[in-house]
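Residue numbers start from 1 in every chain, and the chains themselves are labelled A, B, ... in the order their sequence lines are given, proteins ahead of strands.
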Amino acid sequence: MTNDIPGIKKSDVAIIIGSDTSEGHPVIAARIKQAVMEGTLKLIVIDPKEIKMADFAEIYAQHRPGTDVAVLNGIMHLIIKNGWEDKEFINERVEPESYEALKAEVANYTSDYVEKISGVPAAKLEAIAELFGKAKVGALYYTMGITQHTTGVDNVKSTANLQMLCGNMGVPGGGVNPLRGQSNVQGACDMGALPVCYTAYQPVATEAVQQKMEAFWGVKLSNKPGCTMTVAFDKAYEGEMKAFYIMGENPLISDPDLHHIEHAIDNLEFLVVQDIFLTETAQKADVVLPATTYAEKDGTFSNTERRVQRLSKAVNAPGQAKHDWEIHQLVANKLGLNWNYGCAEDIFKEITQCTPSYAGMSFERLGRKGLHWPCPTADHPGTPVLHIGKFSKGLGTMFAIPFKAPAEVPDGEYPIYLTTGRILQQFHTGTMSRKTPGFNRLAGPHVMMSVEDAEALGVGNGEDVKVSTRRGSIVTKAFITKRMPKGTAFVPFHFAEAPANILTNNALDPIAKIPEYKVCACKLEKA
Amino acid sequence: MQIMINGNRMEAKEGQTVLQAALANGVYIPHLCYHEKVGAAGKCRACVVEIDGMRGLQTSCSVLAKEGMVVNTQTETALQAQRLVIDLMLSTGKHDCLACEQNGHCELQDAAYFLGIERPSILYADIDREIDTTSEFVHVDRNKCISCGRCVAACNGTVVNQVIDFGMRGHSTEIVFNTNKKMADSTCVQCGECSQICPVGALIDKNSIGKGRIWELDKVSSVCPYCGVGCKLELYVDRKTNKIVKVEGAEDGPTNDGMLCIKGRYGYDFVGHPDRLKTPLIKENGQFREATWDEAIDLVVSKFSAIKEKYGPDSIMALSSAKVTNEENYTFQKLVRTGFQTNNVDHCARL
């Protein structure tokens with residue numbers, strides 16, 4: 001998030017696009033609902049599923065899966081056409097030629113054209129553009145409904161285009177706000193658990209950075225960008241990648257096209273899994289290393305608004321389980337690296353020495369409230385709102401982005417859109433949430449479908465349905481709801497017994513390498 | 001500004017009520033419907049005080065502090081009124097403390113203790129409300145409810161789930177879920193905000209019942225392990241059994257203001273689950289056997305070294321985790337980059 005969570009109170013209007021907020025991020029949803037009820041915020045929801053947040057929306061638009069760029073371009077077209085754009089912001093903070101390019105591109109996206117692509121009625125698009133375009137401060141929230149597409153990067157750039165166009169960057173209550181889905185996914189990125197950068201996004205391929213890190217760690221380093229996870233599995237499938245070391249992840253449930261992933265894992269010469277349970281992936285391992293949970297350790301998580309917060313050890317770990325960092329240290333020292341960390345705080349101190357955005361932090365300073373990065377010096381208060389006055393790169397760049405259709409769309413054989421995601425009572429691959437029996441009683445595997453599609457199929461609520469795509473099929477229970485539009489089905493991906501990712505398409509965004517979990521084509525049959 | 005409370009000069013802030021100013025200065029006044037999160041309701045009338053220049057008793061939760069105000073919270077008249085309110089609450093319903101889960105952090109008990117009420121002076125025998133045990137995580141006992149309205153305000157104003165309200169009339173007034181449904185049949189999403197804000201034992205975390213009284217538990221501050229919002233948690237731990245027995249949202253949590261969702265509040269079973277991995281495992285002939293750390297680390301290092309030697313460092317891939325700490329993500333990528341000499345490290349940010 002470019003902005004902070006308490007700042008929700010400062011928005012006049014907000015768009016939620018591609019986020020089932022009350023299911024995926026219930027506490028942020030609560031804060032948005034509070035602002036709506038208190039009358040300070042008007043909400044716009046754009047989502048193929050009529051999510052609960054739509055009940056609180058001033059305007060709800062149901063678009064076809066994978067048509068986000070068209071909708072956002074359409075909104076921008078209307079804003080520019082009516083002169084609602086923030087001219088001062090554009091003049092001062094945006095590269096002029098990039099604005100001209102955007103303007104030329106979105107000029108094609110008339111309301112009627114957007115309606116044809118997305119199914120959003122022209123009048124509704126116009127109402128959205130007026131409400132958002134005329135508002136003083138507008139926020140934009142999204143999650144994987146924007147990113148998990150072959151056009152994921154295009155979608156994200158489009159959200160940034162809109163927020164720059166409306167001058168909503170660097171303003172409390174504004175911003176482009178992706179809601180991150182895991183407790184420390186922000187921190188994993190910040191800490192350089194990415195193939196192209198060290199901590200704080202310092203590129204591995206930049207010579208100065210390489211030299212700095214070589215001096216800091218006292219070891220020769222490679223300047224060749226590494227492999228992303230999705231590409232690494234393809235390479236394993238082809239026999240090129242030989243060994244995997246997997247920590248706290250369960251790709252045999254979470255990754256697209258599971259038959260492909262399973263084959264890739266079976267191809268490996270050596271697999272180490274470090275986890276808290278013998279997950280589906282761990283069962284395939286040659287060596288399994290027992291690790292600890294959040295409640296058993298000290299350390300920090302960085303949340304979706306870049307706030308670094310401390311956790312404290314509450315209980316002792318079972319058996320001989322060790323902290324992940326202790327296991328890394330054992331391996332490192334066996335490799336002759338001579339590490340000598342005594343506790344999490346020792347490591348955090350080292351992080352602050354090589355991570356500019358964390359440089360001013362310490363366990364003591366984090367206290368009970370945490371600090372937002374960037375926090376470059378020991379007296380810096382942290383940065384709840386990014387890009388105030390200036391973008392870190394200087395002038396902002398807008399991108400002219402044409403609409404591209406998803407990699408697979410419904411056809412005669414597979415006539416229904418399939419989209420996947422989370423539900424409130426379960427989490428990710430279920431490794432944690434499915435250990436709570438009450439969650440399993442409240443939420444089991446299912447396929448959400450429209451009343452029309454269920455009637456056409458002749459199935460009732462709770463009856464078995466076979467969902468098939470070109471990759472495979474699962475049998476699961478029908479969950480029939482008016483919240484789904486005709487022709488679109490939704491399968492949550494938490495359940496090993498009916499894994500959504502048997503069905504999903506592993507077509508990737510060409511830049512981010514993110515799979516298109518949010519759109520593919522399926523057929524539904526009575527099972 | 002300065003006000004006088006019980007003869008002592010005390011600091012009060014602009015906009016503070018008399019009750020807030022008193023509490024901030026360490027002066028206790030019984031109060032049950034007021035909670036800092038849902039604000040003043042002016043309903044329970046337990047917080048009445050005398051204020052110079054104002055006629056009769058005043059509910060301190062609804063009167064704003066003013067410069068020079070002279071407040072007496074413990075005059076005989078005020079105490080008598082406070083005592084009557086608490087006495088009537090204790091008289092209505094089944095406020096039996098011995099096995100009550102709330103014993104030790106019950107605000108009705110606190111008020112009774114403060115006012116020295118050993119047992120209620122009147123007892124109504126007609127209150128026998130059905131206990132609603134239908135929901136997975138919240139135990140509802142209306143016999144202990146004092147109709148303070150905090151849960152109603154929290155459900156509608158804080159988490160905005162719009163499930164709880166008052167139903168019926170007069171003496172029969174009680175909290176209801178939707179149109180007086182059982183909690184399990186209502187639209188409740190089991191966020192547990194109501195159980196956290198309930199001052200008595202009417203709304204209780206079901207899985208914590210009988211697992212230890214509040215003063216036997218250690219309270220440890222942590223961060224929720226599920227989504228990325230970063231809600232601050234208070235974990236209640238039984239040191240004797242090494243188990244988390246209850247989780248609350250930290251009221252000073254900057255992102256959550258005490259709120260949690262169903263997973264953050266009730267999804268802690270995995271921590272102490274019997275299936276947790278307890279020793280390293282090595283696979284031999286397709287079967288896992290338990291191994292020592294030395295054996296396991298030796299094997300890991302020798303295998304990775306051999307593969308690196310034979311196929312080059314870029315034949316090794318490392319997947320880090322969005323569920324481990326910053327420190328552990330840091331050591332992992334450092335290990336991969338300095339130990340395996342590859343940048344092949346990634347995690348599930350895309351999934």
Side-chain angles (χ1 to χ4, degrees), chain A residues 5 26-27 30 33 180 182-183 185 187-188 191-193 195 204 217 219 226-229 232 242-249 254 270 286 288 290 293-295 299-301 303-304 309 311-312 314-316 318-320 324-325 328 330 332 334-335 344 347 351 369 427 432 435-436 438 514, chain B residues 136 159-160 220-223 225-231 235 237 242 254-256 259 261 267 269-271 273 276-281 283 296-297 300-301 303 307 311 315-331 333 335 338-339 343-344 346-351:
Chain A
I5 294 170
V27 170
K33 290 187 283 183
R180 309 226 54 175
Q182 308 219 25
S183 53
V185 64
M191 290 302 107
V204 296
W217 283 336
V219 179
C227 242
T228 63
M229 175 182 199
K242 301 295 181 185
F244 266 57
Y245 185 164
I246 301 179
M247 169 172 72
E249 299 243 328
S254 61
F270 190 58
D286 298 291
V288 178
T293 66
Y294 80 106
T300 56
F301 282 167
N303 79 346
T304 186
Q309 303 190 102
L311 34 159
S312 308
V315 290
N316 297 318
Q320 301 170 40
D324 293 277
W325 68 263
H328 304 151
L330 288 175
K334 194 83 198 172
L335 283 165
I347 304 165
I351 292 168
K369 298 279 184 191
F427 185 73
M432 302 193 303
K435 301 298 187 296
T436 294
I514 193 167
Chain B
E136 285 293 342
V159 287
V160 201
V220 182
S221 167
S222 193
V223 179
Y226 288 98
C227 83
V229 175
C231 297
L235 305 177
V237 177
N242 188 45
T255 68
N256 58 314
M259 292 183 280
C261 75
D269 297 76
F270 74 91
V271 175
H273 197 277
R276 282 285 301 277
L277 290 166
K278 295 176 193 73
T279 65
L281 303 172
K283 197 178 269 168
I297 298 295
V300 168
V301 170
K303 279 284 192 180
I307 286 168
Y311 304 106
S315 63
I316 298 171
M317 179 72 200
L319 296 186
S320 194
S321 174
K323 289 163 205 93
V324 307
T325 60
N326 284 327
E327 292 73 14
E328 292 163 328
N329 272 292
Y330 176 81
T331 52
Q333 58 90 34
L335 171 67
T338 62
N343 287 309
N344 285 348
D346 199 4
H347 69 284
C348 71
R350 296 174 189 81
L351 307 179

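For V237(B), the part lying near chain A is the side chain, with the backbone staying farther off; criterion is any non-hydrogen pair under 4.5 Å. Proximity to chain B (any heavy atom under 4.5 Å) is restricted, for I5(A), to the side chain, taken from C-beta onward. Both the backbone and the side chain of Y226(B) come within less than 4.5 Å of a heavy atom in chain A. If you measure heavy-atom distances from V220(B) to chain A, the contacts under 4.5 Å come from the side chain alone. Both the backbone and the side chain of I316(B) come within contact range of chain A, with heavy atoms under 4.5 Å apart. Interface remark: V219(A) contributes side-chain atoms only to the contact with chain B (heavy atom separation under 4.5 Å). Of the two parts of L235(B), only the side chain, counted from C-beta on, holds a non-hydrogen atom closer than 4.5 Å to a non-hydrogen atom of chain A. Contacts between E136(B) and chain A at a heavy-atom distance below 4.5 Å involve the side chain alone, from C-beta outward.
Comparing N242(B), V301(B), V223(B) by how many heavy-atom pairs each has under 4.5 Å with chain A, the most go to N242(B). Listed options M229(A), K369(A), R180(A) were ranked by heavy-atom pairs under 4.5 angstrom with chain B; first place goes to M229(A). Looking only at heavy-atom pairs under 4.5 Å with chain B, the residue among Q320(A), Q309(A), Q182(A), K33(A) that has the most is Q182(A). No other option in P254(B), P280(B), C261(B) has as many heavy-atom pairs under 4.5 Å with chain A as P254(B). Heavy-atom pairs under 4.5 Å with chain A were tallied for G267(B), C231(B), S321(B), A318(B); the largest tally goes to S321(B). Interface summary for chain A: among H347(B), H273(B), K323(B), K303(B), the most heavy-atom pairs under 4.5 angstrom belong to H347(B). The choice from G226(A), G187(A), A193(A), A30(A) that makes the most heavy-atom pairs within less than 4.5 Å of chain B is A193(A). Put simply, of P318(A), A295(A), G319(A), G299(A), the one with the most heavy-atom pairs under 4.5 Å next to chain B is P318(A).
Checked against M191(A) for a side chain to side chain contact (heavy atoms under 4.5 Å, CB included), the options T331(B), N326(B), T325(B), V324(B) give a single hit: N326(B).
Residues E327(B) and A344(A) share a closest heavy-atom pair of CG-O, 3.4 Å. When all heavy atoms are compared, the tightest approach of F301(A) to P225(B) is CE1-CA, 4.4 Å. For the residue pair P290(A) and T279(B), the shortest heavy atom distance occurs at CG-C, 3.4 Å. Nearest heavy atoms, T228(A) versus D346(B): CA-OD2, 3.3 Å. In plain terms, the two heavy atoms of S183(A) and A322(B) that are nearest each other are OG-O, 3.6 Å.
With values rounded to the nearest 0.5 angstrom, M247(A) atom CE is found 4.0 Å from H328(A) atom NE2. Distance check, rounded to the nearest 0.5 Å: OH of Y330(B) to CG of L335(B) gives 12.0 Å.
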Open item on the list: Using side-chain contact (heavy atoms from CB on, under 4.5 Å), reason through M432(A) and Y294(A) one step at a time and then give a plain yes or no.
Closed with: CA-CA 11 Å; M432(A) 302 193 303; Y294(A) 80 106; 5.9 Å; no
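In this structure K334(A) satisfies the salt bridge (Lys or Arg N to Asp or Glu O under 4.0 Å) test together with D298(B), sequence neighbours excluded.
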